[in-house]
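A short write-up of the structure that comes next.
Note that the numbering runs from 1 along the sequence shown for the chain. Remember, it's 1-based here, ligands and their atoms both numbered in the order they're listed.
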Amino acid sequence: MKEKVVNGSESCVQSAKTALIRQIYRVQAMDFASAGEISGKIKNILKQLGVNGEMIRRAAIASYEAEMNLVIHSWGGSLIFVVTPEEIQIITQDTGPGIPDIDLAMQEGYSTASDQARELGFGAGMGLPNIQRCSDRVEISSKEGQGTTLKISFFL
Ligand SMILES: Nc1ncnc2c1ncn2[C@@H]1O[C@H](COP(=O)(O)OP(=O)(O)OP(=O)(O)O)[C@@H](O)[C@H]1O
Ligand SMILES: [Mg+2]
């Protein structure tokens, strides 16, 4: 079942007790050199856990898009990767300008990416729609001028 929850109340990160994996990665604003490293690490961990290839592919796409949104749009933050027996969670928390209109940001083609990001090939406005498409549940909460929390879930 696919659920879409935008503007959802920020739900709790799975408690350490039931989590099989819980990793926190720092993401620096404008750090294009490290782009994609985190999704590579997540891919390897999921492979080692024996998660099926299609699920790994979906989680890798979502984590890459989420990571890049922190690089491009935020002032920095963290990506938290959690695996429990029931689900994979990818959560980003950042400080930054926030997303004033989440429904608009979820639309294909909407982007406020800088010229620098566009020169590097980002800014098609496809990241959030892709995350939505390849995951089972997306929750976004954001405060303008403060930051954004994005929680992506994949049901195992
Ligand atoms: N973490 C964030 N902080 C602030 N704004 C964000 C964040 N993530 C997304 N946004 C806003 O939502 C818009 C749409 O995001 P989306 O990922 O779909 O596209 P994009 O990042 O602009 O381009 P692409 O992902 O195709 O390179 C962004 O242009 C930006 O305005
Ligand atoms: Mg993006």
Side-chain angles (χ1 to χ4, degrees), residues 1-14 19 21-46 54-83 87-155:
M1 193 184 64
K2 201 167 178 102
E3 289 177 65
K4 179 192 174 194
V5 183
V6 291
N7 275 325
S9 62
E10 200 178 309
S11 37
C12 294
V13 174
Q14 196 79 32
I21 300 279
R22 193 172 192 285
Q23 299 282 332
I24 302 181
Y25 304 103
R26 292 291 310 166
V27 183
Q28 310 275 359
M30 304 310 275
D31 180 10
F32 293 101
S34 312
E37 271 179 19
I38 297 171
S39 61
K41 285 179 187 162
I42 286 176
K43 230 171 157 171
N44 285 337
I45 293 171
L46 292 175
E54 178 59 17
M55 184 68 87
I56 294 176
R57 193 187 67 82
R58 290 164 58 205
I61 292 170
S63 62
Y64 178 75
E65 294 293 354
E67 176 186 358
M68 290 319 301
N69 278 354
L70 261 58
V71 172
I72 291 169
H73 304 293
S74 86
W75 306 329
S78 48
L79 187 151
I80 303 162
F81 169 55
V82 181
V83 183
E87 61 184 311
I88 299 167
Q89 298 174 351
I90 293 161
I91 299 142
T92 60
Q93 295 173 328
D94 68 60
T95 53
I99 305 177
D101 185 338
I102 292 172
D103 285 334
L104 183 61
M106 296 295 296
Q107 284 178 24
E108 290 188 6
Y110 176 81
S111 178
T112 61
S114 65
D115 289 344
Q116 190 193 346
R118 286 171 197 272
E119 275 162 26
L120 292 166
F122 302 100
M126 291 306 292
L128 290 176
N130 270 338
I131 290 171
Q132 172 97 63
R133 203 173 300 121
C134 72
S135 67
D136 292 312
R137 185 183 163 103
V138 179
E139 290 171 72
I140 304 179
S141 57
S142 190
K143 278 213 177 87
E144 214 175 332
Q146 291 187 30
T148 301
T149 299
L150 168 71
K151 180 176 168 188
I152 310 163
S153 307
F154 302 85
F155 305 142

message = Quick one: does any side-chain atom of Ser142 pair with a main-chain N or O of Gly147 as donor and acceptor, under 3.5 Å?
response = yes

Looking only at protein heavy atoms, identify the closest one to [atom] and say how far it is in Å.
atom                    : result
atom 20 (P) of ligand 1 : His73 NE2, 3.6 Å
atom 18 (O) of ligand 1 : Leu128 N, 2.9 Å
atom 22 (O) of ligand 1 : Ser111 OG, 2.5 Å
atom 1 (N) of ligand 1  : Asp94 OD2, 2.9 Å
atom 30 (C) of ligand 1 : Thr112 OG1, 3.3 Å
atom 12 (O) of ligand 1 : Ala105 CB, 3.4 Å
atom 25 (O) of ligand 1 : Gly127 N, 3.1 Å

inquiry  = Heavy-atom contact check, 4.0 Å cutoff: does Pro129 meet ligand 1?
reply    = yes

inquiry  = Given Leu150, Ile99, Thr92, Asp101, identify the one with the heavy atom nearest to atom 5 (N) of ligand 1.
reply    = Ile99

query = Among Pro97, Ala117, Gly125, Ala124, which one has a heavy atom closest to atom 19 (O) of ligand 1?
reply = Gly125

Is [X] close to ligand 1, meaning an N/O of one under 3.5 Å from an N/O of the other?
X      : value
Leu70  : no
Gly123 : yes
Met126 : yes

Are the side chains of [Y] and [X] in contact, using a 4.5 Å heavy-atom criterion?
X      : Y      : value
Met55  : Leu46  : no
Met126 : Arg133 : yes
Tyr25  : Glu37  : no
Ile38  : Gln23  : no
Arg118 : Ser111 : yes
Ile42  : Tyr64  : no
Glu67  : Ser39  : yes

Using a 4.0 Å cutoff against the non-hydrogen atoms of [X], which atoms of ligand 1 qualify?
X      : answer
Phe122 : 27 (O)
Glu65  : 25 (O)
Thr148 : 3 (N)
Gly98  : 4 (C), 5 (N)

Check [X] against [Y] and note the closest heavy-atom contact, atom names and distance.
X      : Y      : value
Ser153 : Gln89  : OG-CG, 4.4 Å
His73  : Pro97  : O-CD, 3.2 Å
Arg137 : Phe155 : CB-CZ, 4.1 Å

key: the Mg ion (ligand 2) to nearest N/O/S of Ser111 below 2.8 Å   = no

